[in-house]
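Structure first, commentary second.
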Amino acid sequence: MTFSDLGLRPELLAGLATLGYEEPTPIQREAIPLLLAGRDLIGQAATGTGKTAAFALPILQLIPERGGRAETIALVLVPTRELAVQVSEAIYKYGRDLGARVVPIYGGQPITRQLQQLSQGVHVVVATPGRAMDHIKRGTLPLGGIKIVVLDEADEMLDMGFAEDIEEILKSTPDDRQTVMFSATVPPRINGIAKRHLHDPLKIQIGLGDTKPGKVLVRQTAYIVQRSHKAAALGRILDMEAPTAAIVFCRTRTEVDQLTETMNGRGYRAESLHGGLTQESRDKVMGRLRAGTTELLVATDVAARGLDIDQLSHVVNYDVPSAPESYVHRIGRVGRAGREGVAITLAEAREQRLLANIERLTKQKISIEKVPSVADLRARQIELTVETLREALSSDDLEDYAAVLDALDGEFDERTIALAAIKLAHAASGATIDEQEIPDASQRSDRDGFKKRDGKPASGGWEPRDRGAARGSDRGGSDRPARGGTDRTGPRAGGGFAGGEPGRLFIGAGRKDGIRPGDLVGAIANETDLSGSEIGPIRVSENFSVVGVPEDAVEHVIRALKQTTIKGKKATVRRYTE
Ligand code: ADP
Ligand code: MG
């Protein structure tokens, strides 16, 4: 099937051909005809499956022929500023031959600039819900002509506390509009919104194992290492892999900052990306990554959600994500559009079961490899230095350096001089040799009985009973036994609400401090290993806020929040009692 089979107008087909899109992805194949037919839709598909074009092309199909003032016909809501920019760039790109006018609208950017752009007339507005509401209240976002509203990353927007804004926005747009939701997951709250605001919606779900744009070219590997050796192991693995650009996912802000420092110490140009940074510095970081100045982006999931970065060659999971979906979303950032990509996961011995879960769900193999040895690394570095020298040998300005050779002539023989020069070249490449071997934790666990004889991870009660007691003490003094499957850095074990009532936290900051639900979700998700969907319900009052988190995470979250600021301020955090 080709794009022209989908019934798209010629200008769009020309644009897609220029972009090198050969055929529609599964979600595009399914969604585009339905949207062109005017249906409402709920689409579920993993990151990297081409959702943007799936809604952008049908929007662009509606844009009138050139001429006249642009009327706003489509509103796309996205959770973050970065996505607003990315999605509006994508729509602009797809609609270039139509002269489509697209603007991103988000908080943090001077409103005057946005007002100016809106007043000049735009076809498509891509906005974060909060800023869209601001404009709607001011009457500066014309909604009367809206034909289609898209909620991109709908689950994430709800997790960030935008539910009210979204309801409000949907109510303010014409009733006969078309409504489209794209979401990685479809929790009940999404169905709630769909019931209230979508007309007879169709549901499309693209499975996790299904194909991505172009061929799937992601090499998936995992290394089993002890926690204390992780940073060194990562350094060595990356030295071997020599990525063009990589993103490394960590669970918490603190971990992000520490790892960034370590990797910088190892000669990588690494930068942090997390919710604790100002928008301005986040923009700068993204700019440097796209420009190739930064090689490693160390980030939390929340901060990097949905980002599509062309240059990425490697995605690294510094821990095994406990939800397989989150693994799929992370690695969806490489191997896009037929480019080759590598996904690397560092796992502790006890996390091997999570890897097996992921393999089962994705129906793809993750090959377990050995951390490169000191000898491997030396061999690789020599290889790289030989390559560098070969290149230098083929340059035509070698004679320019003859004076140096002449100066040393007679004092040393040429071989010795060559070796000294090689030494310098080798050092200049930033090659570090760490002499310490990094033990392979999967071997160790084998002896300890973590693995069965056949080499497969033990299933079921994966933690041998006789080790259970000892484990409590290295888990920060928690007396809770670890539950199967999930293993986290904090004292908390197990995830989700597990059926019980959520625990509640009192946070001594509220509306008067400028707190919005999203700030609280952001702060908690960044400081702990909780995901947005585990946080809530949230109530923000004038002077304080109350936030639900899984009962067994309450203490851990309190500790984490005490060490950080919310909206730049220290706030009281304690368990909430009526
Ligand atoms: P999602 O929103 O599902 O995460 P995106 O819309 O960001 O995915 O698309 C992921 C990448 O795939 C982008 O780089 C995009 O340019 C590319 N892409 C999308 N559709 C196609 C296609 N039909 N053929 C080739 N590449 C595509
Ligand atoms: Mg997307």
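Counting starts at 1 for both ligands and their atoms, in listed order. These numbers were taken from a predicted model, which means no experiment stands behind them. FYI, the numbering just counts along the sequence from 1.
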**Asked** For ligand 1, which atoms, with element, lie under 4.0 Å from some heavy atom of T52?
**Response** 2 (O), 5 (P), 6 (O), 7 (O)
**Request:** Run the numbers for me: atoms of ligand 1, each under 4.0 Å from some heavy atom of F3, listed by number.
**Result:** 23 (N)
Distance only, no hydrogens: is a donor on one side chain within 3.5 Å (strictly under) of an acceptor on the other, for [X] and [Y]?
X	Y	value
T140	H135	yes
E359	Q364	no
Y94	E89	no
D239	Y268	yes
D257	H274	yes

I want to know if ligand 1 touches [X] in the polar sense, i.e. an N/O pair below 3.5 angstrom.
X	answer
K51	yes
Q28	yes
A53	no

**Request:** Tell me which part of F55 gets within contact of ligand 1: side chain, backbone, both or neither, using heavy atoms under 4.0 Å.
**Result:**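 It is neither; nothing of F55 touches ligand 1.
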**Asked** Using a heavy-atom cut-off of under 4.0 Å, does the side chain or the backbone of E23 touch ligand 1, or both, or neither?
**Response**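 Looking at E23 and ligand 1, just backbone atoms fall under 4.0 Å.
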**Asked** Near Q120 CD, under 6.0 Å, is it more than 12 heavy atoms from other residues, nucleotides or ligands?
**Response**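 Counting neighbours around CD of Q120, more than 12 heavy atoms of other residues, nucleotides or ligands fall under 6.0 Å, so yes.
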**ligand 1 contact by F182, heavy-atom criterion under 4.0 angstrom** =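 Per 4.0 Å heavy-atom rule, F182 does not contact ligand 1.
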